[in-house]
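For reference, the structure discussed in these notes is given below.
Just so you know, these numbers use all the heavy atoms, side chains as well, and skip hydrogens, waters and symmetry mates.
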2 protein chains.
Amino acid sequence: MTLDDIDAHIVRLLRADGRMSNADLAEAVGLSASACLRRVRLLERGGVIRGYTAIVETPGPAERLVVLTQITLDRQTEEFLNRFEAAVRRCPEIIDCYLMTGLSDYVLKIEVRNAAEYERLHKEVLSRLPGVARIQSSFAIRTVVSGRPGPL
Amino acid sequence: MTLDDIDAHIVRLLRADGRMSNADLAEAVGLSASACLRRVRLLERGGVIRGYTAIVETPGPAERLVVLTQITLDRQTEEFLNRFEAAVRRCPEIIDCYLMTGLSDYVLKIEVRNAAEYERLHKEVLSRLPGVARIQSSFAIRTVVSGRPGPL
DNA sequence: AGTGAAAGATATCGGAC
DNA sequence: GTCCGATATCTTTCACT
């Protein structure tokens, strides 16, 4: 999908304020409300805008444990990668997952409520993934910043 | 600020859909629209809900480079930590920053447009931080999942 | 691609219970 | 906390360019 300048402007504004009204948005980008809304819907249906969310300081009533997990694969066929990544996408505790340079290493950022939940995740999900050679977990003592939107 | 069950429910729903209408929200949590809106405003003004944002696949027109950077400190006085973290908060390219178990290691997730921008960030920000002993950067080849909201 | 009008839905207030 | 009413604003569709 290709974005023109107006689309980029819309995306920028909606990243800055996801609850901006379509009317304000239209005025800011110099379109009529209907034309603007059509673009927003296309961006949503085209997968550029995946959704909207509230930015919350304490995501739940309970504490969160952040675990950074490095997973090394010993098999790297496309089928294994696809199955691995499909499983990752199905696991909501996995916040981020990146395929890193170097070897076939994935780095995962995982959020769970407590150590027991991580143990469950480790046993029932991570260790059962196909082609996994090694799993190495590091725990966060403290969150300095998290999930920021990045530069606008 | 203390959240009761209804507040937690509101937060959960607004994290799942930041553009949910107040009428739907009120119905879902079992309150009248006015009572619900009052709670939402209190959550916003009390800093629990910091804002709303669109979840975007390609935040800008350009590609993004994701770098995971591990920073080892050689001094760990509170003053150094505070100065380090204040600098981190001032840098919008830093998406996540965690203090990890083990040594005085911070892990940063950084998003930049290209390698040149990372080099600039490395030179002008990271390497100038106080008390830094070592900086180790790993680059992401591919993003499997990123910035998901976590389990609801 | 864009505009503009019209209908229905929503937000947001004030006040009463 | 609830409900109700009033008003302004917004969303959404439709017809048209």
Self-check item: All pairs passing ring-ring contact (aromatic ring centres under 6.0 Å, His included) where residues 64-88 of chain B contributes a residue, at least two apart
Solution: Phe84(B)-Tyr106(B)
Quiz prompt | Residue pair Asn114(A) / Glu117(A): nearest heavy atoms and the distance that separates them | solution = OD1-N, 2.8 Å
Exercise. Indicate for each nucleotide in nucleotides 4-17 of chain D, in 5' to 3' sequence, whether protein heavy atoms under 4.0 Å reach the base (B), only the sugar-phosphate (S), or nothing (-).
Key: ------SSBB----
Going by atom type alone, with no hydrogens or angles, which donor-acceptor pairs under 3.5 Å involve a side-chain atom of residues 125-134 of chain B and a protein atom two or more places apart or on another chain?
residue   : atom : partner   : partner atom : Å
Ser127(B) : OG   : His122(B) : O            : 3.0
Ser127(B) : OG   : Lys123(B) : O            : 2.8
Arg134(B) : NH2  : Gln136(B) : OE1          : 3.2

Quiz item: For Arg120(B), what residues pass the side-chain hydrogen bond (donor to acceptor under 3.5 Å, both in side chains) criterion, not counting sequence neighbours?
Solution: none
Self-check item: Sequence neighbours excluded, every pair satisfying side-chain hydrogen bond (donor to acceptor under 3.5 Å, both in side chains) that has a member inside residues 87-97 of chain B
Solution: Lys109(A)-Asp96(B)
Quiz prompt | ring-ring contact (aromatic ring centres under 6.0 Å, His included) pairs, two or more places apart, involving residues 36-55 of chain A | solution = none
Quiz item: Taking 5' to 3' order, which nucleotide of DNA chain C is first and which is last to have an atom within less than 4.0 Å of a heavy atom in chain A?
Solution: dA1(C) to dG4(C)
Quiz item: What residues join Ile55(A) in its hydrophobic cluster, counting side-chain heavy atom gaps under 4.5 Å, either direct or through other members?
Solution: none
Quiz item: Other than Ile95(A), which residues form its hydrophobic cluster under the rule that side-chain heavy atoms must be closer than 4.5 Å?
Solution: none
Quiz item: Just how large is the angle between the end axes of the helix from dA1(C)-dT17(D) to dC17(C)-dG1(D), five pairs per end, to 10 degrees?
Solution: 30°
Quiz prompt | Pairs meeting criterion ring-ring contact (aromatic ring centres under 6.0 Å, His included) with involvement of residues 24-46 of chain A, two or more places apart | solution = none
Quiz item: If you group Ile, Leu, Val, Met, Phe, Trp and Tyr whenever their side-chain heavy atoms sit less than 4.5 Å apart, what else falls in with Val66(A)?
Solution: Leu68(A), Tyr98(B), Met100(B), Val107(B)
